[in-house]
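If you read the sequence from its start, that first residue is 1, and numbering goes on from there. Counting starts at 1 for both ligands and their atoms, following the listed order. Just the heavy atoms: all of them, side chains too, but no hydrogens, waters or symmetry mates, feed the values below.
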Amino acid sequence: MMTCDTLIRNARVLDGSGAEADILDIALRDGHIDQIGPSLDCRASKLVDASGLVLAPGFIDVHTHDDTAVIRTPAMLPKLSQGVTTVIVGNCGISASPVRLRGEPPDPMNLLGDADAFCYPTFAAYLDAVRVARPAVNVAALIGHTALRNNHMDSLDRTASGAEIEAMRDQLQEALDGGALGLSSGLAYLSANAASTGEMLALAQPLAAAHAVYATHMRCETEEILDAMHEAFEIGRMSRVPVVVSHLKCAGIANWGRSGEVLHALEHAQQTQPAGCDCYPYAAGSSTLDLRQVDERVQITITWSIPHPEVAGQSLAQIASAWNVSQLDAAKRLRPAGAIYHSISEEDMRRILRHPATMIGSDGLPNDPRPHPRLWGTFPRVLGRYCREEKLFSLPVAVHKMTGMPAQRFGLAGRGLIRKGFGADLVLFDPENIADTATFTCPVSAAKGIVAVWVNGVLSYTADGATGNRAGQFLPRGTTAWIQ
Ligand code: ZN
Ligand code: CU
């Protein structure tokens with residue numbers, strides 16, 4: 001008889017491809033999926049009866065800002081407790097490496113921590129720190145355009161010179177050689193907004209040969225969103241690189257109801273080039289406090305403020321009225337600060353979430369003392385609220401959006417599917433019970449319905465909490481090609 005480390009019996013297996021479930025046994029050995037079959041005959045040191053439960057590939061959070069969290073809080077509970085087994089860091093143009101600061105980190109790099117959090121001058125130094133920290137989840141990494149700009153430019157309010165672009169490109173190439181997944185940008189932020197399309201095209205040049213991707217927090221998510229999408233797809237097309245539009249949304253009241261147009265633009269691009277997007281399942285965004293997004297009609301909650309820490313948790317309207325000033329003036333006094341903007345329409349968000357091009361990404365902010373609930377709730381919310389209750393999509397499709405699809409698009413070889421020989425990243429959950437519990441008033445709260453999570457074959461989380469075993473690895477870019 002064969003032997004294995006763990007045998008999971010009678011699970012409703014959703015393999016991550018989008019296919020319907022099958023009742024199967026899965027045997028894990030040496031961190032990998034060793035056997036899959038209806039009734040496996042194998043001697044296991046650990047036996048799990050999974051009757052009535054769904055077994056899926058561990059979820060891949062394609063949009064995170066966990067760069068420093070995986071090192072400083074390696075238990076990674078906000079993610080592990082949702083069944084997430086891999087985080088993609090370095091989104092929105094901000095990555096923890098390669099970074100050499102001169103002074104304070106510019107907005108929004110400060111989302112990753114204070115100046116002392118940036119101690120990885122090279123991508124290799126960052127990977128060493130990840131290995132030493134041994135996080136509970138796997139880590140894959142994008143390199144941030146804003147981080148590169150800040151390394152080589154004395155001021156960020158202009159486009160980069162040829163020499164500066166060359167220096168940025170050398171650093172990007174070095175990181176790609178070290179296994180980075182690609183380049184991210186955050187062109188809406190003032191620290192990158194002055195970068196021309198030409199700067200992006202010149203910088204994106206090494207991506208194609210490396211089979212890497214371009215992920216972008218676009219130049220605009222409000223009125224000019226179609227121009228911003230056009231720019232993103234042009235960069236992808238001219239550079240021959242797949243484009244991931246980050247947290248696709250129609251932000252701002254004037255922009256509500258435009259998700260049809262926006263998705264049409266995405267579909268149009270898909271006819272000639274690889275393109276997709278990620279989305280979080282909430283009608284509110286969160287980032288640093290941006291004066292351009294202050295709108296008296298939108299509810300804005302201040303999550304932190306350097307000059308006024310005492311107002312954290314209050315709405316901007318409350319603060320402004322207590323100070324007897326306009327919301328804009330209050331916002332000016334509060335910065336640097338963090339904010340949650342209730343500026344998305346639920347209808348638009350649902351339509352984007354259910355689109356076949358859409359992957360799930362939390363965009364959670366782990367350093368925020370009062371984080372947007374997406375940090376702890378994204379994946380169970382998609383499976384509970386939007387799949388089971390609202391039936392936006394079937395369970396196999398929901399799981400595909402968080403497993404097989406992201407693995408394939410980001411080139412995470414040997415992950416994201418339940419296949420013989422693949423990494424044993426698995427989540428066992430109760431499909432009738434899975435639900436997010438994190439809310440805007442009580443955002444730090446673990447999901448319900450997650451029964452067990454294995455990372456590289458190691459049982460890392462159960463309904464009783466983290467097991468304390470941390471088995472995450474750095475996942476370098478593989479060679480998988482993007483299939484539309
Ligand atoms: Zn972003
Ligand atoms: Cu982000």
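By the 4.0 Å N-to-carboxylate-O rule, E234 lies too far from R237 to be salt-bridged with it. Under a 4.0 Å N-O distance rule, the pair E164/R149 does not qualify as a salt bridge. Look at R385 and D436 and you find no salt bridge, because none of the NZ, NE, NH1 or NH2 atoms lies under 4.0 Å from a carboxylate O. Using a cutoff of 4.0 Å between basic side-chain nitrogens and carboxylate oxygens, D128 and R131 are scored as salt-bridged.
Under 2.8 Å from the Cu ion (ligand 2) lies no N/O/S atom of H217, from backbone or side chain alike. Among the backbone and side-chain atoms of C92, an N/O/S atom is found under 2.8 Å from the Cu ion (ligand 2). Taking 2.8 Å as the threshold, H217 counts as a candidate ligand of the Zn ion (ligand 1), since one of its N, O or S atoms lies below it.
Seen from the Cu ion (ligand 2), atom OD1 of D363 and atom NE2 of H63 lie 90° apart in angle, a value rounded to 10°.
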